[in-house]
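Below you'll find the structure, written out as structure tokens, and then a few comments.
These figures come from a predicted structure and were not determined experimentally.
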Amino acid sequence: MPASHSTRRGAFRRHGRTAAVSGTGLLATVLLAGSLVGCSDEGEQIPSIGYAIDNTVTTYNANTVAGAVSGARQAFARVLPGFNYTGPEGGPVADTDIGTANAMPGDALTIQYKLNPNSVYSDGVPMSCDDLVLAWAANSGRFPMFAAASTAGYADIDRVDCQTGAKDAVVTFKAGRNVTDWKSLFGATSMMPAHVVASAAGVPDIVAAVQNSDTGALSRVADFWNDGWTMTGGDLDLAKFPASGPYKVESFSPDDGLVLVANDRWWGNRPATARIVVYPKNSDVSARIGDGSVEVVDVATGSAPDLDLSGFDVSEVSSRSVEQFVLSTSGLFETAAGRRAFALCLPREELASKFGIAAEAQETGGAATGGPVDTRVTAPDSLVHQSVDGAVGGRYQTADTSAATAALSDTDNTTATVRIGYQGPNPRRAEIVSAVAAACAPAGITVQDVASPEFTPSLLREGQVDVVLAGTASAPGAAGTAAATTAMYALHSGSGSNFGGYTNGRVDQIVDQLAVDDSTATQLSLSTEAENILWSDMPTVPLFDQPRTVAFANGLQAGTVNPTRSGAGWNMDRWVLRR
């Protein structure tokens, strides 16, 4: 049997040198990456740095269904910071520039949040606990008019005690719902400017509207929260886009990218470089590198064609995002038999070997020990992961034409067409779909590649595709954290990030329990049970840990790999480039 996900080792390559890096050695890897990039203070500082990502920028709000699968978290982490950010190891790191979050004594989990007294938006309006109340209301699931991607953690909050305009709030969780990942709440990009929403919606006191469950007022608030921060290029009404971090938005267009400039009202350390330009996917990264516009690149390996990174310090690492197929629950895939028919014709072991991090190790002489990912609800670094992996792993490793044909016949079909969509162009994902098409054809399953630059996972929900090829929670670009929270809730019924519409009452119960009980016995038992159900129901088919290519131009200082949903831009305000 090939090496399991729990024993995988990712390849880490720098200038042709490869070292084996274990999942638990990730911090050492990224710190090494940061320390090796640009150690000289010589030369003139470059006033603007270009940053290329492998996702689109469509909205300022990373919390909506559309925003969570966009590049908003990579673009705005230092524009809209929170009480924490996702660090290179994948866990939440406190951001005391924004404020403090401290647990208070008591049976119910209770957290006191205090905003920095100096915290103010770039338009001069002070940050306040109104911002926390809005974040909770929008993501709690209590008010269905909000199109939130996930309610993880926020749904477990009983109340947020806040006096309108105050700098502190007390967040009390429901009895028995002591969420273990609470430190990730109210983090970078999660707190949107409540005063902008209040003005646009004509609701002068959002705190009162939430406390009184004023449906009419909250519907107007939700209308703006859902769509009011959409970014389509052209002239932006910058009054709607105030920043609470070291950078603020200056302009945005498909051709010229997202221009971020120093926020002169920022109360923390000044940004080391006054201007950062984020170049989203489809902005011709190769040409931008060629003309010197891009100095930082953070993309899934092989996703951007013809990259000449000869003038860069390059790292290739295994990320926290799991490349996977997310399946519909309608049409051919309405039944588990139809979904299993597709899974049975997949060459998962071959795909992991060819397209996962193991492929990079093979190219550079390293140990190719990475295998298919076999778990969905267990974090790789958790104490129980290896045991869960051993209990459920090894399934659907190779294509089984006979079994796939038999499962297809259980749906009363002898042939079928499966449309696989993803955000294109993406050469590596195109190759994956091509390999799957070849493997599934003998079973009578015709696979069609329906990728497009405008593709979003919502097309799965709309029935325009049958399968989404993407990372954790259907994200096209950077994704994942050290905790399994996002991945678990993407399988919870009713979750905005559950694009396939999968529903299983027992899985919901397990996810809800795993979120609050971190005991080893519970985690092992329930995770194993969940995986057995999921391998039977097959709402998703995990493939491999997504490999990412992160490159910093020679001479750039403070560039540090962050193979999580934050991406390399997590500390962009510290970047300095001298030449």
Side-chain angles (χ1 to χ4, degrees), residues 51-80 138-139 146-150 188-190 192-193 196-197 200 222-238 240-243 247-260 276-285 288 298-300 303-304 321 326 421-426 429 451-462 464-465 468-479 486 490 496-497 499 565-567 569:
Y51 172 36
I53 62 175
D54 59 340
N55 206 338
T56 57
V57 174
T58 59
T59 176
Y60 201 46
N61 189 352
N63 310 283
T64 63
V65 171
V69 293
S70 76
R73 285 197 176 95
Q74 293 81 62
F76 300 120
R78 301 306 291 152
V79 177
L80 294 168
N139 294 284
F146 289 94
S150 176
T189 72
S190 69
M192 305 303 295
V196 171
V197 183
D223 285 343
F224 185 89
W225 191 87
N226 294 340
D227 302 310
W229 282 300
T230 298
M231 303 176 73
T232 57
D235 293 333
L236 292 177
D237 180 359
L238 293 179
K240 296 180 180 178
F241 298 85
Y247 288 109
K248 64 181 179 180
V249 176
E250 180 180 76
S251 64
F252 172 69
S253 75
D255 293 332
D256 298 325
L258 171 70
V259 180
L260 306 177
I276 303 289
V277 182
V278 181
Y279 291 103
K281 186 175 177 63
N282 302 328
S283 58
D284 198 345
V285 177
R288 294 290 185 184
D298 186 359
V299 298
S303 65
S321 181
V326 180
Y422 55 92
Q423 190 182 88
N426 188 313
R429 283 179 177 157
S452 73
E454 296 76 29
F455 180 85
T456 70
S458 294
L459 295 177
L460 184 67
R461 189 172 288 149
E462 297 167 11
Q464 297 188 40
V465 298
V468 169
L469 175 55
T472 297
S474 297
T486 303
S497 58
F499 291 97
R565 64 185 184 183
S566 290

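The backbone N or O of Trp225 sits less than 3.5 Å from a side-chain atom of Asn61, completing a donor-acceptor pair. A donor-acceptor pair under 3.5 Å is formed between the side chain of Gln74 and the backbone N or O of Arg565. Without hydrogens or angle criteria, Asp298 side chain to Ile53 main chain gives no donor-acceptor distance under 3.5 Å. When atom types are taken as modelled, the side chain of Lys281 and the backbone of Gly424 share no donor-acceptor pair closer than 3.5 angstrom. Side-chain atoms of Ser321 come within 3.5 Å of backbone N or O of Thr472 as a donor-acceptor pair. Of the possible polar contacts, one joining the Tyr60 side chain to the Pro242 backbone as a donor-acceptor pair under 3.5 Å is found. Of the possible polar contacts, one joining the Asn55 side chain to the Val69 backbone as a donor-acceptor pair under 3.5 Å is found.
For the side-chain contact (heavy atoms from CB on, under 4.5 Å) test, residues two or more places apart in sequence or in another chain that qualify with Ala68 are Arg73, Ala149. In this structure, the side-chain contact (heavy atoms from CB on, under 4.5 Å) partners of Val65, at least two apart in sequence or on a different chain, are Ser458, Arg461, Phe499.
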| Intermediate values then yes/no, side chain to side chain contact (heavy atoms under 4.5 Å, CB included), Met192 and Asn63 | CA-CA 9 Å; Met192 305 303 295; Asn63 310 283; 4.0 Å; yes
| task | Dump the intermediate steps for side chain to side chain contact (heavy atoms under 4.5 Å, CB included) on Leu258 and Met231, then the final yes or no. | result | CA-CA 10 Å; Leu258 171 70; Met231 303 176 73; 3.8 Å; yes
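The distance from the CG atom of Leu80 to the CH2 atom of Trp229 is 8.5 Å, given to the nearest 0.5 Å. Expressed to the nearest 0.5 Å, how far CD of Glu454 lies from CG of Asn282 amounts to 7.5 Å.
Taking every heavy atom of both residues into account, Ala75 and Leu260 meet most closely at O-CD1, 3.6 Å. Closest non-hydrogen pair, Ser474 versus Pro457, comes out as O-CG, 3.3 Å. Across Ala138 and Ala148, no two heavy atoms sit closer than the pair O-CB, 3.3 Å.
At least one side-chain heavy atom of Thr56 sits under 4.5 Å from a side-chain heavy atom of Gln423. Contact check for Asp54 versus Pro476: no side-chain heavy atoms found under the 4.5 Å cut-off. Looking at Val196 and Phe224, their side chains come closer than 4.5 Å, going by heavy atoms from C-beta outward. The closest side-chain heavy-atom distance from Ser303 to Tyr422 is not below 4.5 Å. You'll find the side chain of Phe76 stays beyond 4.5 Å of the side chain of Val278, heavy atoms only. With contacts defined as side-chain heavy-atom distances shorter than 4.5 Å, the pair Leu460/Val326 qualifies.
When the shell of 6.0 Å around CG of Asp237 is examined, it contains more than 12 heavy atoms from other residues, nucleotides or ligands.
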Review item, side-chain donor-acceptor pairs of residues 247-254, under 3.5 Å, at least two apart:
{"from": "Tyr247", "atom 1": "OH", "to": "Thr273", "atom 2": "O", "distance (Å)": "2.6"}
{"from": "Ser253", "atom 1": "OG", "to": "Asp256", "atom 2": "N", "distance (Å)": "2.9"}

